[in-house]
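Shown next, in structure tokens, is the structure this report addresses.
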Amino acid sequence: MGHSDATEDTRKDKQEETQQAQAGPAATDQIILATAGYDHTIKFWSAHTGVCTRTHQHLDSQVNCMDITPDGTMLVAGGYQHIRMYDLTSGNLNAVVNYEGVTKNVMAVGCQEEGKWMFSGGEDCSARIWDLKTRCLSCQRVFQTNAPVNTVCLHPNQQELIVGDHSGVIHRWNLKNDQSEQLIPEPDVSIQHIDIDPLGQYMAVVNSKGNCYVWSLSSDEQESTQLFPKIQIPAHKRYGLCCKFSPDSSLLATTSADHTCKILRTEDFNLPDISPVQELTCQNQKWVWDCAFTADSKYIVTASSDGTARLWNIDSGTVKREYQAHQKSITCVAFRDISKLS
């Protein structure tokens, strides 16, 4: 067999592998990796090969945010005036549920750890809770703010939603007693993203000035979580976009309009002057809108305005894989390793 024949056979094998993957359910993959953005599509990838395995159309608008349900069977996508749910266990590429009552852009979605309910936040100045078990299409609870909501984070205790808005206010909504408290790190500086580490030790926030604030958390089962200022980090010189803790709580990633994703060690929060252990960037990368750690906390996926998602080796700071098929900016990424789910 000649070289050209071998190349042709390899190409055909790859085409067949892709076609088979596109025809099958995404939830059969042990690792679910999805990206979405301004080209009105949601794309699923083979994380190891970089092959796009299936594409969902999201025709009404761009996709602003996504989450995969804890059991890995559904994907939730937020866009303009819509929250849609896609079934990952079948070959159906259309949304199976469309949640109603949202009037503007949905900027945040997420799921309760047992998949009983989900939350959302958006430009209609509200955070909402939706019942996933009954599939009721209208929300069950609403928390109103005085400014558009950019980010919502669920505390690991599953009892508190942390809501960040455009006016710079952080709202702590206790779902148990329906009480709320406010925190303002920088007046009139937009809160862009909030995250709490899986162990419930730290809360991090990035704002539109590129500053990152970290609080240490202390909680009593009968009371709301107490926040204690830990450190303020001038993480980026330009617009901050996202912050995420790693699954093992050892790392914090921040992303920005400065084309970088910076990695910090949580053990360094005690130092008077903290510096990133890695600055992930490359020549073609533009705004980094979102990121997601892998389950082992050794790699991170970034979503960029250049239409490319990248898998980075955190130790070496190098790109291990690129995911290229989007025609416009990628604004969100969802990752879930379901190999250990029973």
Side-chain angles (χ1 to χ4, degrees), residues 31-37 47 64-68 70 76 78 107-111 113 119 121 150-156 161-164 170 191-208 210-215 217 230-231 233 235-236 239-269 274 276-281 285 287-304 309-315 317 323 330-337:
I31 295 175
I32 300 174
L33 173 62
T35 57
N64 299 317
C65 51
M66 294 188 299
D67 194 28
I68 298 167
V76 184
M107 303 305 294
V109 291
C111 297
E113 66 180 359
F119 59 86
N150 293 329
T151 178
V152 183
C153 174
L154 178 61
H155 191 288
L161 280 182
I162 317 299
V163 180
I170 299 169
I191 303 296
Q192 294 304 114
H193 204 268
I194 301 172
D195 198 29
I196 297 177
D197 79 288
L199 296 178
Q201 297 176 324
Y202 299 110
M203 182 179 83
V205 170
V206 290
N207 65 21
S208 57
N211 292 324
C212 177
Y213 291 84
V214 178
W215 290 263
L217 307 181
K230 187 70 174 176
I231 191 170
I233 307 165
H236 302 273
Y239 214 85
L241 294 170
C242 177
C243 60
K244 293 278 181 72
F245 284 100
S246 60
D248 66 2
S249 297
S250 69
L251 302 172
L252 172 66
T254 64
T255 75
S256 167
D258 66 4
H259 304 189
T260 69
C261 172
K262 296 184 179 182
I263 307 295
L264 303 161
R265 273 196 295 253
T266 56
E267 65 180 20
D268 293 342
F269 288 167
I274 183 172
V277 294
Q278 285 292 0
E279 184 172 309
L280 308 177
T281 191
Q285 187 163 269
W287 286 35
V288 184
W289 285 94
D290 198 7
C291 64
F293 282 94
T294 57
D296 60 6
S297 302
K298 294 181 179 180
Y299 298 88
I300 190 168
V301 181
T302 56
S304 173
R310 295 175 174 88
L311 176 68
W312 301 82
N313 181 309
I314 294 174
D315 282 342
Y323 307 96
I330 304 176
T331 54
C332 50
V333 57
F335 178 93
R336 189 171 294 280
D337 184 344

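By convention here, the first residue in the shown sequence is residue 1.
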Non-hydrogen atoms of [X] and [Y] that approach each other most closely:
X: T35; Y: A309; result: CG2-CB, 3.9 Å
X: G240; Y: Q192; result: O-CG, 3.1 Å
X: A257; Y: L241; result: N-CD1, 3.8 Å
X: C111; Y: V76; result: SG-CG2, 4.4 Å
X: P247; Y: P198; result: O-CG, 3.5 Å
X: L252; Y: C212; result: CD2-SG, 4.0 Å

Residues that Y202 engages under side-chain hydrogen bond (donor to acceptor under 3.5 Å, both in side chains), provided they are two or more places apart: none
Nearest 0.5 Å, what's the [atom1]-[atom2] distance between [X] and [Y]?
X: I233; Y: T254; atom1: CD1; atom2: OG1; result: 7.5 Å
X: M203; Y: C153; atom1: CE; atom2: SG; result: 8.0 Å
X: W287; Y: T260; atom1: CH2; atom2: OG1; result: 12.5 Å
X: C243; Y: H236; atom1: SG; atom2: NE2; result: 9.5 Å
X: L154; Y: I162; atom1: CG; atom2: CD1; result: 8.5 Å
X: I196; Y: L199; atom1: CD1; atom2: CG; result: 12.0 Å

Hey, are the side chains of [X] and [Y] touching, using non-hydrogen atoms and a 4.5 Å cut-off?
X: V206; Y: N211; result: no
X: T151; Y: I191; result: yes
X: I194; Y: I170; result: yes
X: I231; Y: I274; result: yes
X: H193; Y: K244; result: yes
X: L33; Y: Y323; result: yes
X: I300; Y: N313; result: no
X: D258; Y: Y239; result: no

Is a side-chain donor or acceptor of [X] paired with a backbone partner of [Y] at a separation under 3.5 angstrom?
X: N150; Y: G164; result: no
X: Q285; Y: L280; result: yes
X: T255; Y: C242; result: yes
X: Q278; Y: I314; result: yes
X: S304; Y: V288; result: no
X: T266; Y: S250; result: yes
X: D197; Y: Q201; result: yes
X: S297; Y: D248; result: yes
X: S246; Y: L251; result: yes
X: D195; Y: F245; result: yes

Identified side-chain contact (heavy atoms from CB on, under 4.5 Å) counterpart of F119 within the set V152, V109, D67: V152
